[in-house]
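Input: a single structure, listed below in structure tokens.
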There are 2 protein chains.
Amino acid sequence: MPKEKSEKYSSILQGAGAVFARLGFYKATISQIAQEAGVADGTIYLYFKNKDDILYQYIQFKTTAFFEKMRSAVDVADGAEQKLRNLIRCHLEEFQNDRNMAVIFQSEVRYLRNNALQVKDISKLYLDFLTEIIELGQMEGQLRQDLFIGLVKRFVLGAVEGIIATWVAAERKYDLVAMADPLVDLYLGGIQKR
Amino acid sequence: MPKEKSEKYSSILQGAGAVFARLGFYKATISQIAQEAGVADGTIYLYFKNKDDILYQYIQFKTTAFFEKMRSAVDVADGAEQKLRNLIRCHLEEFQNDRNMAVIFQSEVRYLRNNALQVKDISKLYLDFLTEIIELGQMEGQLRQDLFIGLVKRFVLGAVEGIIATWVAAERKYDLVAMADPLVDLYLGGIQKR
DNA sequence: CAACAAAATGAATATATATTCATAACTTCT
DNA sequence: AGAAGTTATGAATATATATTCATTTTGTTG
């Protein structure tokens with residue numbers, strides 16, 4: 001293996017991102033990834049154990065960066081409501097800025113079922129942000145006390161993911177980030193008339 | 001092709017459902033499906049054009065039945081709120097009763113991307129139920145007038161799917177249907193204190 | 001600039017499995 | 001019962017592509 005995560009390592013990851021997003025993990029071939037990355041087929045095996053490993057590392061890499069951004073988006077805000085708004089906006093922003101990642105997270109992540117704790121960890125980390133925020137909101141008196149937190153978390157995450165799925169399917173014809181505040185308004189106030 | 005959708009046709013679909021759910025479409029092999037269905041490999045090709053076609057027909061079949069149930073769940077109820085509750089309960093019930101279907105819909109459906117309008121149609125049909133219900137609720141004065149319906153629909157569907165995804169991942173250790181009413185309460189009233 | 005090492009190449013290999021098809025086992029009808 | 005038609009079988013085939021590795025190219029050091 002060539003020394004360290006070089007420039008070629010990055011090209012391959014990025015190429016893989018493009019091809020996986022376009023064709024899905026299984027239909028993507030090593031040759032296509034190599035071509036997209038501008039390297040020879042064999043070169044890929046200098047940097048990655050095998051095809052699975054490419055996906056694994058891609059997700060690893062993206063996830064790490066994603067959660068760092070999330071963390072500071074949450075930390076930077078005051079109060080539960082603002083923290084929630086920032087979390088959701090950050091989430092939508094990151095996916096809007098990297099559609100390949102959006103597609104791959106939606107369709108391919110669950111392929112790693114066995115391979116790694118990864119997938120569960122991704123959700124877990126996200127859900128932990130939400131727990132944190134919801135409990136804060138309850139302490140502040142801003143949120144209802146009788147919430148079934150396990151359900152609320154899924155409710156929130158599920159809805160964001162649904163919004164993203166639609167955006168992906170629509171081929172980015174509208175501004176995803178603009179959905180953030182209206183969505184949070186729905187979380188907070190519901191659809192019922194007061 | 002043997003005459004009509006015989007008994008063997010059903011065994012194969014069911015076997016495929018089990019294997020696809022367990023291993024995913026790509027890792028599933030024809031031999032495994034044949035074994036699960038209790039037929040020879042070659043027999044499968046008397047009933048299905050190819051492997052893709054098995055998945056296609058599986059989804060076709062399940063979707064049709066699913067939407068018939070949905071339709072009557074909605075029709076049987078009075079008023080927007082009850083219709084919504086029935087819709088969500090029915091959705092959760094059907095998936096709880098057929099976990100293979102739940103898994104396959106979650107992970108494999110989007111594989112058919114090119115193959116068919118199918119996928120879009122599935123969502124489309126569901127979203128039409130929701131439009132219908134929301135507009136009714138607004139007429140009744142039960143729901144807010146200022147809703148961005150496109151967003152609300154995705155919000156509702158996304159959240160249900162998220163709940164189901166969690167349940168699937170948890171290996172059915174709790175009652176999914178019990179989530180229906182608390183979830184609808186969240187849709188209606190939100191998480192904010194009044 | 002040799003001589004060596006590190007990195008890259010892409011044609012050859014190995015493998016897995018979807019699909020076919022010659023053959024066999026049942027059904028049906030006279 | 002046996003001919004004709006229908007359905008089922010599973011071993012053989014064909015193909016696709018992930019992975020390897022002998023060779024070439026590029027980089028480094030004395």
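Convention: sequence-line order gives letters A, B, ...; per-chain numbering from 1.
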Quickly work out the [X] [atom1] to [N] [atom2] distance and round it to whole Å.
{"X": "A:I44", "N": "D:dC21", "atom1": "CD1", "atom2": "P", "result": "18 Å"}
{"X": "B:I33", "N": "C:dT17", "atom1": "CD1", "atom2": "P", "result": "12 Å"}
{"X": "B:F48", "N": "D:dA8", "atom1": "CZ", "atom2": "P", "result": "12 Å"}
{"X": "A:L23", "N": "D:dA16", "atom1": "CG", "atom2": "C1'", "result": "15 Å"}
{"X": "A:I54", "N": "D:dT17", "atom1": "CD1", "atom2": "P", "result": "15 Å"}
{"X": "A:Q35", "N": "C:dT9", "atom1": "CD", "atom2": "C1'", "result": "15 Å"}

Roughly how far, to the nearest 0.5 Å, is CD of A:E132 from CG of A:L127?
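A:L127 atom CG to A:E132 atom CD measures 12.5 Å (nearest 0.5 Å).
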Taking OP1 and OP2 of C:dA7, is either one under 4.0 Å from a side-chain nitrogen or oxygen of A:K8?
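For C:dA7, neither OP1 nor OP2 has a side-chain N or O of A:K8 closer than 4.0 Å.
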Ignoring backbone atoms, establish whether B:Y47 has a side-chain N or O less than 4.0 Å from OP1 or OP2 of D:dA8.
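Affirmative; the distance criterion is met.
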Suppose we screen for side-chain hydrogen bond (donor to acceptor under 3.5 Å, both in side chains). Which residues come up paired with A:K153, at least two apart in sequence or across chains?
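Result, side-chain hydrogen bond (donor to acceptor under 3.5 Å, both in side chains) vs A:K153: A:T131.
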List the protein contact pattern of nucleotides 18-25 of chain C with one symbol per nucleotide (5' to 3'): B for base contact, S for sugar-phosphate-only contact, - for none; contact means a heavy-atom distance under 4.0 Å.
SBB-----
Using distance only, find each side-chain donor-acceptor pair of residues 162-169 of chain B under 3.5 Å and give its atom names and separation, not counting sequence neighbours.
{"from": "B:T166", "atom 1": "OG1", "to": "A:R154", "atom 2": "NE", "distance (Å)": "2.5"}
{"from": "B:T166", "atom 1": "OG1", "to": "A:R154", "atom 2": "NH1", "distance (Å)": "3.4"}
{"from": "B:T166", "atom 1": "OG1", "to": "B:G162", "atom 2": "O", "distance (Å)": "3.0"}
{"from": "B:W167", "atom 1": "NE1", "to": "B:Y174", "atom 2": "O", "distance (Å)": "3.0"}

Polar contact flag, side-chain donor to acceptor under 3.5 angstrom, B:Q14-B:N100
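Absent: no donor and acceptor within the cut-off.
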Mind running side-chain hydrogen bond (donor to acceptor under 3.5 Å, both in side chains) on A:T29 and A:Q32 for me, showing each step along the way?
CA-CA 5 Å; A:T29 72; A:Q32 286 169 311; 3.2 Å; yes
Under-4.0 Å salt bridge between A:D181 and A:R89:
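Yes.
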